[in-house]
Amino acid sequence: MKDLPRPSPERRHVYGRRRGKRLREHQNDLMETLLPRVSVPLDDKAPLDPATLFEPATKEIWLEIGFGGGEHLVFQAGRNRDAGIIGCEPFINGVAKLLAEIEAQELSNVRVLSDDARFLLERLKPESLSRIFILYPDPWPKKRHNKRRFINPETLSLLARALKPGGRLRFASDIPDYVGWTLARILRHNRERENGQGSFEWQAERPADWRTAPEDWPGTRYEEKAVREGRTPAYLDFIRL
């Protein structure tokens with residue numbers, strides 16, 4: 001596979017690894033042939049209407065931020081063929097795994113950005129997404145690294161801008177501190193919204209609502225590992241007002 005282009009000085013720093021084990025030959029081939037066909041173009045500075053990336057009959061556009069190995073994204077894409085799903089993931093090995101599934105399952109409703117999701121969120125046409133998934137993001141557990149967490153005031157504003165009114169944001173984590181962090185920052189975000197516009201309404205009414213996986217949840221390998229190691233996942237669903 002060709003080397004990835006070096007980031008320009010003004011680009012954000014993507015924390016964490018960009019590569020893991022060496023890709024297999026077929027994965028390299030997919031990175032060279034399939035990825036260019038399904039990549040989200042961010043070459044110019046014009047606003048991006050994500051509906052133009054998919055077939056005209058696509059009913060909704062969804063976004064998954066940090067799809068890891070792609071298990072959840074592939075499940076949703078196969079189950080919801082009338083929805084266009086964009087996946088953002090800087091980790092090259094995860095992108096290669098997703099490409100293999102796109103090919104194997106003939107998923108024409110998936111597009112990929114192999115980079116920081118914030119570059120996409122900044123460019124998206126306002127109120128163009130119906131659902132956003134942020135599942136098991138890197139918790140950056142050391143206090144001095146907390147600022148690297150994806151959930152922060154900047155990204156919450158971008159997420160609110162990209163979601164349609166009534167659109168759904170789903171966050172999942174097995175790190176209690178990150179769950180609390182997320183709720184605290186969403187509450188702060190909501191307090192700062194004039195007339196509540198662009199705020200996120202948490203849908204939980206009782207503990208079982210965040211302790212039980214949603215009905216449209218396939219499970220992931222990371223989640224299985226968390227449960228084996230004694231960590232309890234939490235699932236937070238919000239509606240964009």
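Predicted model, so just to flag it, every value in this text is computed and none were measured.
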Student: Report yes or no: does E229 contribute a side-chain atom to a donor-acceptor pair with the main-chain N or O of R231 at less than 3.5 Å?
Tutor: no
Student: Should the pair F200 and H189 be assigned to parallel (<30°), tilted (30 to 60°) or perpendicular (>60°) ring geometry?
Tutor: tilted
Student: Once salt bridge (charged side-chain N to carboxylate O under 4.0 Å, His left out) is applied, what residue pairs with a partner in residues 203-218 remain, sequence neighbours excluded?
Tutor: R131-D216, R170-D216, R206-D209
Student: Donor-acceptor check, side chain of R149 to backbone of P139, threshold 3.5 angstrom: yes or no?
Tutor: yes
Student: Is the closest side-chain donor-acceptor distance between H26 and E103 under 3.5 Å?
Tutor: yes
Student: What orientation do W217 and Y136 show, parallel under 30°, tilted 30 to 60°, or perpendicular over 60°?
Tutor: tilted
Student: Between R168 and S130, is there a donor-acceptor pair closer than 3.5 Å when you use the side chain of the first and the backbone of the second?
Tutor: no
Student: Going by an N to O cut-off under 4.0 Å, is there a salt bridge joining K97 and E71?
Tutor: no
Student: Would the distance check show the side chain of D116 and the main-chain N or O of P90 forming a donor-acceptor pair, the cut-off being under 3.5 Å?
Tutor: no
Student: Centre-to-centre under 6.0 Å for Y178 and F171, is that the case here?
Tutor: yes
Student: Has the side chain of S157 got a donor or acceptor atom that lies under 3.5 Å from a matching backbone atom of P153?
Tutor: yes
Student: So, T155 versus N152: side-chain donor-acceptor pair below 3.5 Å or not?
Tutor: yes
Student: In a table with atom names and distances, give each donor-acceptor pair under 3.5 Å that connects a side chain of residues 33-42 to protein atoms at least two apart or in another chain.
Tutor:
from, atom 1, to, atom 2, distance (Å)
T33, OG1, D29, O, 2.7
R37, NH1, T33, O, 3.3
S39, OG, L35, O, 2.6

Student: If only atom types and distance count, is the side chain of T58 paired as donor or acceptor with the main-chain N or O of E60 below 3.5 Å?
Tutor: no
Student: Is there a donor-acceptor pair closer than 3.5 Å between any side-chain N or O of D138 and the backbone N or O of W140?
Tutor: yes
Student: Show me the pairs that pass salt bridge (charged side-chain N to carboxylate O under 4.0 Å, His left out) and involve residues 181-199, at least two apart or across chains.
Tutor: none
